[in-house]
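Letters A, B, ... mirror the listed sequences (proteins, then strands); counts begin at 1.
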Amino acid sequence: MIINHPLLGPRDAAEFVYLGDASLMDRPDGMTASDEEMHDYMYLRDNPAGEHRELWYHEQGDRSWLVVTRNTLTHEITMVELARDVARSRGRSK
Amino acid sequence: MSQSNRLTGGLIDRSVSVNFSFNGKNMQGFQGDTLASALLANGQRLVGRSFKYHRPRGIFSAGSEEPNALVQLRKGAAQEPNTRATMAELFDGLEATSQNHRGSLERDFMALTDLFAPFLSAGFYYKTFMWPKAFWERVYEPIIRSSAGLGRLSMQPDPDVYDHGYMHCDLLIIGAGPAGLAAALAAGRSGAQVVVADEDFLPGGRLNAETYAVEDMAGADWAAQAWAELQAMDNVRCMTRTTVYGAYDHGIYGALERRTDHLAASEGRPRQVLWRVYSRRAVLSAGATERSIAFPMNDRPGVMLAGAVRTYVNRYGVAPGKRVAVFTNNDDGLRTAADLKAQGVEVTGIIDARKGESLATTWGRKGLTAVGTASGRSIEADCLAVSGGWSPNVHLTCHQRGRPDWREDIAAFVPGADLPPGMSVAGAANGAMTLAAALKEGHAAACAALGDLGLSPAAGDAPKAEDETFDIKAFWHAPGKGRAWVDLQNDVTAKDVKLARTEGYRSVELLKRYTTLGMATDQGKTSNMLGLAVLAEASGKSIPDTGTTIFRPPYSPVAMGAFAGRARGKDFRPNRLTPSHKWAEEQSATFVTTGNWLRAQWFAQAGEKGWRDSVDREVVQTRRSVGICDVTTLGKIDIQGRDAAEFLNRIYSNAFLKLPVGKVRYGLMLREDGICYDDGTTARFSENHFVMTTTTANAVLVFRRMEFARQCLWPDLDVHLISTTDAWAQFAVAGPNARALLGKVVDDLDLSNEGFPFMACAECTVCGGTPGRLFRISFSGELAFEVAVPARYGDAMIRALMQAGEEFGAIPYGTEALGVMRIEKGHAAGNELNGQTTAANLGLGMMVSKKKDSIGSKLSEREEMNRDDGLRLVGLHPVDRNDMLNAGAHFVELDDHHPDMFSDQGYMTSVAWSPELSHSIGLGFVKRGKDRIGDIVRAYDPVRGKDTKVEIVSAHHIDPEGVRQRG
Amino acid sequence: MGYSAFKVFWQGLTGNKGWQPAWREPDPRPQYDIIIIGGGGHGLATAYYLAKEFGVRNVAVVEKGWLGSGNIGRNTTIIRANYLLPGNQPFYELSLKLWENLEQDFNYNAMVSQRSILNLIHSDPQRDAFARRANAMRLSGADSELLGPDEIRALCPFLDFDNARFPIQGALRQKRGGTVRHDAVAWGYARGADMHGVDIIQNCEVTGIDITDGVCTGVQTTRGPIRAKKVAMCAAGSSGRVAALADMRLPIESHVLQAFVTEGLKPTLPGVITFGAGHFYVSQSDKGGLVFGGDIDGYNTYAQRGNLPVVEDVCEGGMAIMPMIGRARLLRGWGGVMDMSMDGSPFIDKTGTQGLYVNAGWCYGGFKATPASGYCYAHLLAKDQPHEVATQFRLDRFRRGAPIDEKGVGAQPNLH
Amino acid sequence: MASLTPAPPLGGYDMTFGELRLRECSELALVSLALPLGDEAAAKKAIKSSLKLDLPAPGMSAVNDTHRLIRMGPDQAMLIFADDAALAEPAVQTALKGACYTTNQTDAWVALSLAGPGVRDVLERLCPLDLHDATFPVDAAARTVMEHMGAMIVREEQDGFVLLSASSSAGSFLHAVETSIGYVT
């Protein structure tokens with residue numbers, strides 16, 4: 001596969017390490033989250049057959065975490081974003 | 001028998017004759033021959049035996065689809081099983097032997113199997129061999145196994161080397177037949193970056209096998225001229241002997257280039273290069289594969305595809321037989337007869353299925369002698385040219401699970417609409433069955449692809465050729481008595497297909513699995529279509545309603561060695577060496593592999609009888625005076641930023657916010673699921689600058705997770721990470737004389753307990769000005785320091801340390817002694833931090849702060865992870881001090897006479913011989929272990945036949961109060 | 001009809017004209033006691049044991065493709081019971097015992113071949129971990145041995161003992177491990193279940209799961225609605241899609257595992273060999289092909305195909321440990337969609353919906369589990385109590401903090 | 001005690017293969033610069049004023065007579081220059097007056113210069129990146145992976161590249177490059 005890095009252009013996916021669903025960015029605060037929230041965050045997945053937003057890390061590259069929108073049926077990639085920007089857009093900060 | 005079947009003409013070089021042997025018999029051919037064409041030239045018709053019935057088999061095709069003529073090529077370690085004679089280029093000294101027979105090829109003892117064929121119908125083995133039960137593995141299976149299989153591996157290491165490569169192009173053209181050449185010319189002339197690849201050693205495809213003209217010259221001449229033009233272009237990469245074997249995601253193609261297979265020896269050069277081709281667009285112009293017709297006894301040597309007959313006659317100047325009959329359902333049969341006649345070969349009959357004619361049988365035990373028509377006529381023939389039409393080579397269009405479509409007019413599957421993105425198909429592969437159409441399609445496909453990319457095609461039209469006719473009437477299966485083969489290699493007959501259907505294996509996929517149809521080395525290239533047609537006929541359904549044939553990579557088989565490339569032997573993975581490696585080698589160190597690192601395991605000295613002597617000495621001398629260990633492999637991460645302390649406080653489960661500058665703290669890292677992940681120390685060199693160490697094994701993983709936390713969880717923290725593992729050479733200096741030794745090395749730093757107390761750190765210089773870092777940390781439990789210098793000074797540093805330590809009898813110690821000392825001290829390491837243990841298991845529950853949120857803290861609170869009867873880390877001593885403990889033993893109660901997984905009390909994680917205690921000691925996890933200090937249990941180790949009484953003790957076997965390390 | 005050597009002989013003499021279909025092709029009836037969603041190995045085994053061992057015969061297996069079209073036909077055919085943890089190992093030992101009597105039980109030769117499995121050891125910590133495992137296997141009643149390099153050399157002289165980057169220090173062997181002809185398992189169970197009255201309905205895709213007031217009442221399919229007292233999901237790589245029909249999210253991701261086979265070769269390997277320091281495991285089929293695989297590709301996918309880097313990685317492992325396979329050619333590769341769970345271990349459990357059950361999360365190890373999975377799922381479906389070797393395969397184990405994490409890599413499916 | 005003598009990872013390797021030259025660049029110092037979050041503009045200004053270089057876009061490097069500045073990622077750059085490695089980082093730190101976080105990376109890497117006609121034929125057996133002039137012009141720089149080793153590649157001139165990889169595996173990296181040369185020449 002090829003991931004079109006937003007800063008570096010197309011790179012072989014072999015340079016990247018895969019983590020999983022982009023919802024892993026939505027970590028609840030451990031001091032305030034309920035047991036159920038923390039469990040669902042850590043363990044449950046939508047696992048869609050179709051469009052999937054997912055985290056890839058450019059380990060053999062610029063060390064950016066990316067959010068890649070990829071179809072799990074066709075592997076077509078329709079969007080690649082810097083995870084840091086996505087995190088901020090989801091309200092994460094410090 | 002000297003090339004008795006050689007004709008005139010062809011594209012071979014008759015000035016260069018080539019000697020080769022088949023089954024020990026010496027023969028001659030010419031440069032430009034394949035093994036198959038040379039065998040035919042020499043009149044050798046019988047070349048192999050089929051898989052199941054050991055039927056005699058001859059050459060069936062002239063390309064990579066060959067199901068029959070598989071030979072064992074070369075000798076010794078270089079021998080290569082299952083090599084298609086039709087693809088093997090002749091070279092001087094080539095040695096080939098036939099496969100899958102017991103006794104000689106001509107008198108194969110296993111051919112008896114054929115007599116039992118009625119009992120060996122499709123799937124017979126699923127219905128028998130079940131009784132008596134024990135006989136399967138002892139009797140039946142060994143017999144089946146030894147008669148199955150085809151060629152043999154030499155069982156010696158592959159003597160050749162392989163390589164990988166990467167190519168990038170605007171347009172990849174797969175196949176250099178007429179369509180591919182037309183595409184390549186159009187794209188090449190436009191200036192685009194083009195790769196054009198063909199599996200043959202002679203580009204041109206069918207142009208080399210037919211008598212067509214292109215642009216008013218002989219087709220083969222035009223192909224050669226086009227190729228020469230392409231080769232002269234800087235922007236075009238022309239590759240022969242290169243099979244594009246797979247279409248992967250996003251325009252990546254796999255291609256195998258055979259670089260030395262046509263030579264007698266590869267002489268150290270890569271035999272094959274596996275290319276990963278990154279293409280923006282691709283044109284598949286891979287042509288089509290001719291198929292046979294299922295008629296009774298259609299498997300004899302001499303029965304050959306009509307297109308192959310033309311190839312041998314026209315390209316190689318070889319007559320596949322002296323008297324040839326033709327059986328066809330399309331115009332190619334007539335063309336074959338004409339080409340044969342033009343070369344003076346006798347054509348004894350043409351059976352044209354379009355006229356209602358058919359074949360009912362054939363004769364000839366080891367080679368065809370005659371064929372019998374349905375109307376009862378017998379025609380003498382030593383070769384039968386069969387054409388059942390052509391199947392476009394849609395394989396690569398299916399590699400991303402695209403489905404082909406049926407086209408009734410050519411009775412074939414053509415590429416469907418769901419092609420791999422970026423791919424277009426041209427020529428016969430697309431169902432364009434005439435030369436003029438193929439040239440046009442190739443040209444148009446290239447122009448369209450260039451247009452897609454925003455490039456402008458060069459002016460000009462497609463090369464011109466006369467449009468011949470292609471008239472076909474579907475005809476798959478001639479009725480009649482006797483077996484009609486569908487899959488020649490695996491001996492699947494039309495009857496087998498029908499039987500499987502009767503038995504309920506109706507989906508074409510079930511049929512293939514049950515009968516093994518299409519599972520042979522040709523991947524069904526010559527059999528799938530026939531099998532599907534016979535199934536359709538039996539079901540009374542149309543072919544497209546019955547199913548499709550789809551294909552998976554590779555297009556044709558690829559050597560394992562090529563996929564592996566250079567990664568074998570010592571080059572399987574890179575070596576990481578510590579800065580003191582060279583020095584350690586000089587000290588006769590034994591090295592151990594830890595991940596990719598090589599570390600000194602111990603340093604043997606003269607007179608030591610075994611590794612234990614060395615390790616004991618290293619431990620004793622370290623604890624008595626001073627020892628030095630290279631600990632460079634520990635991961636090091638430079639952490640800087642205004643929020644670095646806050647960041648660390650969230651990464652580590654214990655508090656880090658208030659770590660003073662100049663101090664080091666032990667840190668425990670959890671995974672988010674609350675399990676212990678890694679541990680190490682982190683030093684604070686300034687307000688905003690920390691240096692973290694991780695375990696050797698987890699260095700990369702910890703860095704990755706910290707980047708995740710930094711970018712994805714808390715994107716607005718100002719914190720920056722740089723891996724500095726390789727940047728610093730770091731040495732542990734441990735033992736009562738460590739301070740005195742370092743005092744001689746470190747410049748201008750007060751190393752007294754007051755000036756540089758336990759867990760202090762500082763930037764410093766050593767040896768008169770070399771920059772360094774000093775940490776007062778201890779893994780051994782002794783008074784200890786770690787000193788770091790930039791890696792390029794590492795070699796000099798170890799030498800300086802040893803020199804400075806001479807007066808103390810300083811010794812180097814390796815990972816074994818390091819392990820012994822940490823077990824004596826009760827420090828957890830990899831065997832305990834195995835990804836299954838909690839902080840509570842390790843007795844570190846207090847380190848998980850409940851006053852803050854850190855990675856893993858929340859989920860570490862779950863009930864089952866905090867059970868009172870959970871595992872706890874303890875020490876173990878053998879009750880009989882002479883007993884040696886074993887890691888991996890389980891703990892069971894003294895009175896547990898039938899221990900099982902539910903009465904299991906835990907397991908031994910690490911063991912060592914303690915020179916200090918003079919007996920074996922262990923660390924392990926025991927249920928409720930902290931409450932069981934002093935209890936005796938058994939270390940139960942049935943796999944090594946041991947059952948040892950052990951006493952549960954504190955994990956801190958020595959100096960539990962930590963007096964030494966603080967001294 | 002029963003299969004035997006005599007039948008084969010008699011049919012051979014009489015032109016093989018008397019063979020009957022191995023199973024019926026029934027239309028779905030309006031109602032069943034139990035509907036099993038998924039006609040793969042586990043679903044067919046569940047149906048077989050429900051009918052044969054638990055007397056529940058009013059059962060339908062609904063399959064969207066052809067029977068056995070999922071992972072039962074796309075794996076590396078290995079059977080073994082060499083697990084570590086008490087939640088797992090007794091279950092796999094039961095499975096191995098069922099394999100050992102399977103063919104006589106369902107009267108179909110699935111070519112269960114216990115030619116042993118050898119897990120190579122390359123370091124001291126790995127040896128310690130394998131010793132712990134070998135003893136755990138013994139504690140569960142399974143067989144296990146630790147071999148030294150000399151013993152391995154005698155068994156497999158073709159391994160690289162002299163020039164390996166990761167030298168061979170030993171091996172864990174289970175002699176009872178081996179291989180089975182994978183498709184035949186599906187066919188044997190299907191035929192057995194059919195003979196006991198189970199309806200196997202192919203080309204019937206479940207498009208909805210009917211739930212009323214928290215009670216599951218049946219399924220909607222492409223061949224119409226079917227009512228049932230109990231609905232049993234058993235869809236392996238498609239578990240996420242099926243569970244979504246019941247508005248459930250599972251602790252599962254779907255990933256692709258590639259496997260490969262070489263051209264047919266004369267006998268080469270003595271059994272199954274795994275090389276954990278690379279990513280490579282291999283055995284040889286009765287037909288002579290070397291069947292091998294390695295790691296999953298590592299990204300979520302429902303496409304039954306993988307990509308090149310893993311093909312290369314797997315072959316590198318092969319060449320690193322047995323450099324004599326360099327000239328064997330890779331003939332065919334395939335991809336199976338794996339239901340990778342959060343701890344690498346499966347679920348056989350009830351769900352929050354009454355009458356709806358789940359069997360999923362088999363990761364890349366579902367094949368060897370087929371008999372026990374079927375047996376234990378049938379037990380749960382028939383008795384509403386878990387079988388004693390499957391008590392830990394609960395969906396709530398993550399809530400309680402009791403993962404069954406053999407590899408110790410945590411809640412990241414692609415690492416298991 | 002005498003000061004320590006540095007030993008570069010490959011001992012100053014320097015070989016020619018036909019017209020190709022492969023050389024360890026042991027004279028180079030490497031210092032990484034991290035741009036403080038929120039103060040990126042100040043950092044860029046400091047780089048400009050002290051080094052006379054504009055921070056290049058990711059994937060590119062900027063050069064002057066003495067220094068090459070490679071953009072490694074959104075908030076990171078690497079400065080390469082010939083210098084006494086030991087003193088490089090403090091010098092840069094001083095010059096930038098704390099506008100960037102600096103880390104001495106000299107010893108973390110081994111740098112090999114590979115130059116001469118046909119250099120791309122060698123690199124296509126190693127480097128998965130598209131090194132065509134249009135996509136990887138002079139001064140382009142990228143991190144990638146070669147033969148299982150993380151690596152950085154910088155195009156210094158039309159037929160000259162600098163390859164960097166981890167210093168601990170310098171021997172394996174050199175072996176990989178030498179093998180590629182041997183296989184194509």
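Formation of a donor-acceptor pair under 3.5 Å by the B/Q711 side chain with backbone atoms of B/F708 is not found in this model. Side chain of A/T72 to main chain of A/G50: a donor-acceptor pair is present (N/O by atom type, distance under 3.5 Å, no hydrogens or angles). Side-chain N or O atoms of B/D249 include none that pairs as donor or acceptor with a backbone N or O of A/M1 at under 3.5 Å. Within the 3.5 Å criterion, the main-chain N or O of A/A33 finds a donor-acceptor partner in the side chain of B/K858. Here the side chain of B/N654 pairs a donor or acceptor atom with the backbone of B/L668 at under 3.5 angstrom. Panel note: side chain B/D643, backbone B/D718; a donor-acceptor pair is recorded below 3.5 Å.
Along residues 7-17 of chain A, the residues that come nearer than 4.5 angstrom to chain B, judged on non-hydrogen atoms, are A/D12, A/A14, A/V17 in order of number. Residues of residues 84-94 of chain A lying within less than 4.5 angstrom of chain B, judged on heavy atoms, are A/R84, A/A87, A/R88, A/R92, A/S93, A/K94 in numerical order.
If you measure heavy-atom distances from A/M31 to chain B, the contacts under 4.5 Å come from both the backbone and the side chain. For B/Y248, no part lies under 4.5 angstrom from a heavy atom of chain A. Heavy atoms closer than 4.5 Å to chain B are found in both the backbone and the side chain of A/L24. Looking at A/L82, neither its backbone nor its side chain comes within 4.5 Å of chain B, counting heavy atoms on both sides. The contact between B/I252 and chain A is made entirely by side chain atoms (from C-beta outward), counting heavy-atom distances below 4.5 Å. Residue B/Q400 does not touch chain A at all, counting heavy-atom pairs closer than 4.5 Å. Interface residue A/S64: backbone and side-chain heavy atoms are both found under 4.5 Å from chain B.
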Quick one: do A/H5 and A/H58 satisfy ring pair (Phe, Tyr, Trp, His ring centres under 6.0 Å)? Show the steps, please. CA-CA 9 Å; A/H5 191 297; A/H58 199 193; 5.2 Å; yes

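By the 4.0 Å N-to-carboxylate-O rule, B/R642 lies too far from B/E687 to be salt-bridged with it. Of the charged side-chain nitrogens involved, at least one lies within less than 4.0 Å of a carboxylate oxygen, so that B/R650 and B/E646 count as a salt-bridged pair. A salt bridge links B/R281 with B/D452: the closest approach of a Lys/Arg side-chain nitrogen to an acidic carboxylate oxygen falls below 4.0 angstrom.
Of the options B/F563, B/Y162, B/Y245, a side chain to side chain contact (heavy atoms under 4.5 Å, CB included) to B/L256 is made by B/Y245 and by none of the others.
Cation-pi geometry between A/R27 and B/W714 is not satisfied (NZ or CZ under 6.0 Å from the ring centre, within 45° of the ring normal).
The aromatic rings of B/Y278 and B/H168 sit parallel to each other, their planes meeting at less than 30°, with 60° as the upper class boundary.
Ranked by non-hydrogen atom pairs under 4.5 Å with chain A, the options B/R710, B/R401, B/K851 are led by B/R710. The choice from A/D29, A/L55, A/V67 that makes the most heavy-atom pairs within less than 4.5 Å of chain B is A/D29.
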